[in-house]
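Quick notes on the structure that follows.
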Number of protein chains: 2
Amino acid sequence: MIDKAIQAITEPRRRDILHLVREGELTSSAIASHFDISAPAISQHLKVLEEAGLVVVRRAGTKRFYGIRREGFAELMHYIESFWDDSLMRLKKAAEEEERRKHDFN
Amino acid sequence: MIDKAIQAITEPRRRDILHLVREGELTSSAIASHFDISAPAISQHLKVLEEAGLVVVRRAGTKRFYGIRREGFAELMHYIESFWDDSLMRLKKAAEEEERRKHDFN
DNA sequence: CACTTAATTAAGTGTATGCTAAATTAAATT
DNA sequence: AATTTAATTTAGCATACACTTAATTAAGTG
């Protein structure tokens, strides 16, 4: 799932879509009106975002309202964080090691 | 830069490379030995990661040591966080609103 | 039940991207 | 200076992906 989420946010227009729906639910056509690409193109992007777990759909009659899915972003953040945390810890240890060596030589 | 960083972590092999160098600096060939693709392919991936600001190179003789660049991941995290925070705040407000309505009706 | 509205799925096309093998760069060794 | 080692750049190819238009689905509405 994390793979799909990362894949999904690669495309700049999909990130733009996420920025739009972050403000609140929007229909497919409302989203499309903000771009100069066709409605099907938007629909395809929304499908990718949905499959990545970054948006959710709520159907109401012929309309479909798209909104952000928090859990998806949480997963994404944790993934990035894992790199951050590990490398941070390693750097911390390296710094401490360096500090220790300094004391030994002086 | 954030665009390049996101673009960079899209490719699964590049994420694998990041996992490897997260443990500590590695040469291009050391990294290549973990994969079944050619050395040039790895080199190209490393270039993408470097241009995205996610790794740094340290040259030593004919060798080049690749290591993680924390700042790059920090940027990435902040970007993801921005979606998270905004939508979280919105949901918090929505929950409070719901709570208020409950009280009004009971 | 035909028609409109909202959206998606399908088919086809051009560009971007990851791979390979071959050529090239650059530093160290003999 | 020639050779070896480490890595990159180049050129070419195959696939993935974002778009388009046309066709299809599905839920109201006259």
Side-chain angles (χ1 to χ4, degrees), chain A residues 1-21 23-69 72 76, chain B residues 1-21 23-69 72 76:
Chain A
M1 200 59 153
I2 189 72
D3 288 51
K4 281 193 175 181
I6 291 170
Q7 182 92 325
I9 60 166
T10 301
E11 165 60 40
R13 269 173 213 80
R14 282 198 286 265
R15 294 207 297 278
D16 291 343
I17 291 174
L18 288 173
H19 272 289
L20 276 174
V21 300
E23 304 290 320
E25 284 184 331
L26 285 176
T27 62
S28 190
S29 52
I31 293 164
S33 71
H34 285 85
F35 301 92
D36 56 358
I37 58 172
S38 68
I42 296 296
S43 187
Q44 283 155 19
H45 280 314
L46 288 169
K47 191 182 180 183
V48 172
L49 288 170
E50 198 195 347
E51 285 174 349
L54 295 174
V55 300
V56 278
V57 203
R58 181 173 60 83
R59 297 171 80 133
T62 63
K63 294 181 178 178
R64 298 192 194 183
F65 289 90
Y66 285 87
I68 254 188
R69 183 170 167 274
L76 214 48
Chain B
M1 200 61 156
I2 189 71
D3 288 52
K4 281 193 175 180
I6 291 170
Q7 182 92 326
I9 60 166
T10 302
E11 166 59 41
R13 269 173 214 79
R14 281 199 287 265
R15 293 208 297 279
D16 291 342
I17 291 173
L18 288 172
H19 272 289
L20 277 175
V21 299
E23 305 288 322
E25 284 185 330
L26 285 176
T27 62
S28 190
S29 52
I31 294 164
S33 72
H34 285 84
F35 300 92
D36 55 358
I37 58 174
S38 68
I42 297 295
S43 188
Q44 283 154 19
H45 281 314
L46 288 169
K47 191 182 180 184
V48 172
L49 288 169
E50 198 195 347
E51 285 174 350
L54 295 173
V55 300
V56 279
V57 203
R58 181 174 61 81
R59 297 171 79 135
T62 64
K63 295 181 178 178
R64 298 192 193 183
F65 289 90
Y66 286 87
I68 254 188
R69 183 170 167 274
L76 214 48

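Numbers restart at 1 for each chain; the letters A, B, ... are given by sequence-line order, proteins then strands.
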With both distances under 3.5 angstrom, what nucleotide forms a Watson-Crick or G-U wobble pair with dG30(D)? dC1(C)
I'd like a table of donor-acceptor pairs (distance under 3.5 Å, sequence neighbours excluded) in which one partner is a side-chain atom from residues 9-19 of chain B, with atom names and distances.
| residue | atom | partner | partner atom | Å |
| --- | --- | --- | --- | --- |
| Thr10(B) | OG1 | Thr10(A) | OG1 | 2.4 |
| Thr10(B) | OG1 | Ile6(B) | O | 2.9 |
| Thr10(B) | OG1 | Gln7(B) | O | 3.1 |
| Glu11(B) | OE2 | Arg13(B) | N | 3.2 |
| Glu11(B) | OE2 | Arg13(B) | NH1 | 3.0 |
| Arg14(B) | NE | Ala8(B) | O | 2.7 |
| Arg14(B) | NH1 | His45(B) | ND1 | 3.2 |
| Arg15(B) | NE | Tyr79(A) | OH | 3.2 |
| Arg15(B) | NH1 | Ile9(B) | O | 2.7 |
| Arg15(B) | NH1 | Thr10(B) | O | 3.0 |
| Arg15(B) | NH2 | Asp3(A) | OD1 | 3.4 |
| Arg15(B) | NH2 | Asp3(A) | OD2 | 2.9 |
| His19(B) | ND1 | Arg22(B) | NH2 | 3.0 |

Nearest-angstrom distance from the residue atom CD of Glu51(A) to C1' of dC17(D): 14 Å
Side-chain N or O of Tyr66(B) versus OP1/OP2 of dA6(D): is the shortest distance under 4.0 Å? no
For Phe35(A) and dA7(C), give me the distance from atom CZ to atom P, rounded to whole Å. 15 Å
Ignoring hydrogens, what is the shortest heavy-atom contact between Lys4(B) and Ala52(B)? Give both atom names and the distance. O-CB, 3.5 Å
Reading nucleotides 15-20 of chain C 5' to 3', which nucleotides get B (base under 4.0 Å from a protein heavy atom), which S (sugar-phosphate only), which -? --SSBB
Hey, what do you get for CG (Leu54(A)) to CD1 (Ile68(A)), rounding to the nearest 0.5 Å? 8.0 Å
According to a strict under-4.0 Å criterion, is Ser29(A) in side-chain N/O contact with OP1 or OP2 of dT5(C)? no
If I compare all heavy atoms of Leu46(B) with all of Tyr66(B), which pair ends up nearest, and what's the gap? CD1-CE1, 3.5 Å
In whole angstrom, give the distance that lies between atom NZ of Lys47(B) and atom P of dA6(D). 22 Å
Distance-only donor-acceptor hits, side chain of residues 27-39 of chain A, under 3.5 Å, sequence neighbours excluded:
| residue | atom | partner | partner atom | Å |
| --- | --- | --- | --- | --- |
| Thr27(A) | OG1 | Ser29(A) | OG | 3.3 |
| Thr27(A) | OG1 | Ala30(A) | N | 3.1 |
| Ser33(A) | OG | Ala30(A) | O | 2.6 |
| His34(A) | ND1 | Ala30(A) | O | 3.0 |
| Ser38(A) | OG | Ala41(A) | N | 3.4 |

Would you please confirm or rule out a distance under 4.0 Å between OP1 or OP2 of dA6(D) and any side-chain N or O of Thr27(B)? no
Would you tabulate the pairs of protein nitrogen or oxygen atoms and nucleotide nitrogen or oxygen atoms of nucleotides 25-30 of chain D closer than 3.5 angstrom?
none

Please name the pair of heavy atoms, one in Ala5(B) and one in Leu76(B), separated by the smallest distance, quoted to 0.1 Å. CB-CD1, 3.7 Å
Can you tell me how far P of dC17(D) sits from CD1 of Ile9(A), to the nearest Å? 15 Å
In short, salt bridge (Lys or Arg N to Asp or Glu O under 4.0 Å) pairs touching residues 50-61 of chain B with sequence neighbours left out are Glu25(B)-Arg58(B)
